[in-house]
Amino acid sequence: MSKDRLYIFDTTLRDGEQSPGFSMNTDEKLRLARQIEVLGVDVMEAGFPIASDDDAHAVQLIAAEITQPVIAGLARCNPLDIERTGESLRPAQRARIHTFIATSDLHLERKLRISRDDCLAAVTAGVTQARGYTDDVEFSAEDATRSDMDFLCRVVETAIEAGATTINLPDTVGYCTPEEIEEFFLEIRRKVTNADKVIFSTHCHDDLGLAVANSLAAVKAGVRQVECTINGIGERAGNASLEEIVMATRVKPDRLPYETIVNSQELFRTSQLLTEITHESVQANKALVGRNAFAHEAGIHQDGVIKDRRTYEIMKPEDVGVESTLVLGKHSGRHAVKKRCEELGYELNRFELDRVYREVIALADKQKSVSDNDVSDIVDRVQASVTSDAGAA
Ligand code: KIV
Ligand code: ZN
């Protein structure tokens, strides 16, 4: 089956970085940008240059050093923002200006205090100005999914006429369900007269825990760029998680026949680096990158996995760069203890295994799980005592 190309737009360094607890200094942003380049995304949103001098500087440094992905910078639809972003992106081999304005009546009336006509004028002016810096211009209609459909279609047509090449329609407040967002994009693509000239993009927030499902539903409706972040970080409940989007397409090619260029074996390493830099860990049961994502502790599960991993694993942990999967705890069986000992390089006879197994379970009763170091200590002690018992006899 031939697969459609799905473009991955990583906004960890912009939407992710702007959320509480996730701010990074310039060196940290560069470190993460290097790893995201190794991970292999199509577009890396490096920051929001008008937000601060530091942000502008970081975007400039990333644009100068990172060459594989397109480097994007965010700008509101106003002259100063676009100029700042255009200048910050100058060193980039391939630069994208990502300009946005809100389009829902709620945002226009209550936040921006401008009319729909003012909004349309700002779209034309902003996109036209951005095209003066680069041919690659993305336009986003903030709060698109709560905007009046006919007005939104006019906004999108206006942005395309002014030269936008990607149209992003965010579910800014994470309010949609998958069915709604699929119908939303189908309707937009049907009603917008020049829709065939651009790539449509989705940017879903996770306020109802639906960001990944919504993004995939949007893709089903013809969207070919997904905006997402490592570990799903971002404003409030976060954005769609990059690792979940990518692995859903890898694991379910029959349902999701889309191809990304992401090197999935770098997913865990990238997640870990983000955690190390921000000191914000992911929940233990977070899909793909959480501590327990591939952990099997229950005896029945461990036994199944040892016999055939497919009994409880729908993908190989190595596919996302995770190595060890069997966690020794009080529910572990003898099989799992034996296997972990073998993985650690120990060969045990039946008598030794009995004693090691009993000690592992006793220790697991006292502490939550038993680490490789604990296992090694136990085996060394058991083997030493067996040898000295034999010597004494
Ligand atoms: O959530 C949102 O609407 C955004 C836009 C600025 C793209 O982050
Ligand atoms: Zn956002």
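The chain is numbered in sequence order, starting from 1. For ligands, and for the atoms within them, numbers begin at 1 and follow the listed sequence.
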Problem - Working for salt bridge (charged side-chain N to carboxylate O under 4.0 Å, His left out), residues R31 and E28 - result: CA-CA 5 Å; R31 264 180 85 198; E28 291 167 339; over 6 Å; no
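Contact atoms of ligand 1 toward P170: 2 (C), 3 (O) (distance under 4.0 Å to a heavy atom of the residue). Heavy-atom contacts of D15 reach the following atoms of ligand 1: 8 (O) (cutoff under 4.0 Å).
More than 12 heavy-atom neighbours from other residues, nucleotides or ligands sit within 6.0 angstrom of CZ on R236. Within a 6.0 Å radius of NZ in K252, other residues, nucleotides and ligands contribute 12 heavy atoms or fewer. Around the NZ atom of K330, the shell of radius 6.0 Å holds no more than 12 heavy atoms that belong to other residues, nucleotides or ligands.
In the hydrophobic cluster analysis, where Ile, Leu, Val, Met, Phe, Trp and Tyr join through side-chain heavy atoms closer than 4.5 angstrom, V127 is grouped apart from V43. If you chain together hydrophobic residues whose side chains sit under 4.5 Å apart, F22 and I62 fall into the same group.
Residue contacts with ligand 1 for H205 involve side-chain atoms from C-beta outward but no N, CA, C or O (heavy atoms, distance under 4.0 Å). The proximity of H98 to ligand 1, defined as any non-hydrogen pair under 4.0 Å, is limited to the side chain.
Residue E142 has no N or O atom closer than 3.5 Å to an N or O atom of ligand 1. For ligand 1, the polar-atom distance check against S140 finds no nitrogen or oxygen pair separated by under 3.5 Å.
Rounding to 10 degrees gives 100° for the angle at the Zn ion (ligand 2) between NE2 of H205 and NE2 of H203.
Taking the six-membered ring where tryptophan is involved, the planes of Y312 and H301 are essentially parallel, since the angle between them stays under 30° and well short of 60°.
When the options R14, E138, Q18 are ranked by their closest heavy atom to atom 5 (C) of ligand 1, first place goes to R14.
When all heavy atoms are compared, the tightest approach of S264 to D319 is OG-O, 2.6 Å.
In terms of protein heavy-atom proximity, atom 3 (O) of ligand 1 is closest to T172 OG1, 2.7 Å. Scanning the protein for heavy atoms near atom 4 (C) of ligand 1, the closest one is H203 NE2, 3.5 Å.
When distances to the Zn ion (ligand 2) are checked against a cut-off of 2.8 Å, D15 contributes an N, O or S atom below that limit.
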